[in-house]
Visitor: 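Questions regarding the structure given below will be posed in turn.
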Amino acid sequence: MERCPSSALVYKDGQMTEAAVPENTVTVIYQGPYYLKGDLAIEQSPDDMPGTEFRAALCRCGLSKNKPFYDNSHDGQFKDYGAVGETGEPLMEMGGKLNITPLKDGPLLL
Ligand code: FES
């Protein structure tokens, strides 16, 4: 299976060969979406996007026409440097599913 970073495009060769990376990560992209990698459970994820179990680009600007997924609708209209401030405490455990729930007209609940 070929993959793209956003999971919007999937090339199928008949088998799912991808597996979750051992650590779930969320990366805030400069003037762009969140990139998530790991063992993901995204509510509202369509069945024809199996790659979203492992990686996804989720809208951060609120303009996507395919929420919670990123679709570049913000094209030039979203200015945010992606700074997240101080880091938290280091992880004490690894593994497990990262559940993502998009709230109506609001943020993502992780
Ligand atoms: S972050 Fe670009 S469409 Fe929302």
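When a ligand or atom number is given, it counts from 1 through the structure's own listing order.
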Visitor: If the condition is side-chain hydrogen bond (donor to acceptor under 3.5 Å, both in side chains), which residues does Asn66 pass it with, not counting sequence neighbours?
Guide: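 Here no residue qualifies.
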
Visitor: Is there a donor-acceptor pair under 3.5 Å between the side chain of Arg60 and the backbone N or O of Phe78?
Guide: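 Pair absent, no side-chain N/O of Arg60 close to backbone of Phe78.
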
Visitor: According to the side chain to side chain donor-acceptor pair (under 3.5 Å) rule, which pairs have a member within residues 101-110, sequence neighbours left out?
Guide: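 For residues 101-110: Glu43-Thr101.
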
Visitor: Is a side-chain donor or acceptor of Asn24 paired with a backbone partner of Leu40 at a separation under 3.5 angstrom?
Guide: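 Looks like no, no N/O pair under 3.5 Å.
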
Visitor: State which residues pass side-chain hydrogen bond (donor to acceptor under 3.5 Å, both in side chains) with Asp39; sequence neighbours excluded, sorted by chain then number.
Guide: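 Checked Asp39 against side-chain hydrogen bond (donor to acceptor under 3.5 Å, both in side chains); matches are Lys97.
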
Visitor: Quick check against the 3.5 Å criterion: does His74 have a side-chain atom that pairs as donor or acceptor with the backbone of Gln31?
Guide: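 Flag set: sc His74 to bb Gln31 pair under 3.5 Å.
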
Visitor: Around atom 4 (Fe) of ligand 1, how many protein N, O or S atoms are closer than 2.8 Å?
Guide: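 With waters ignored, the protein N/O/S count below 2.8 Å is 2.
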
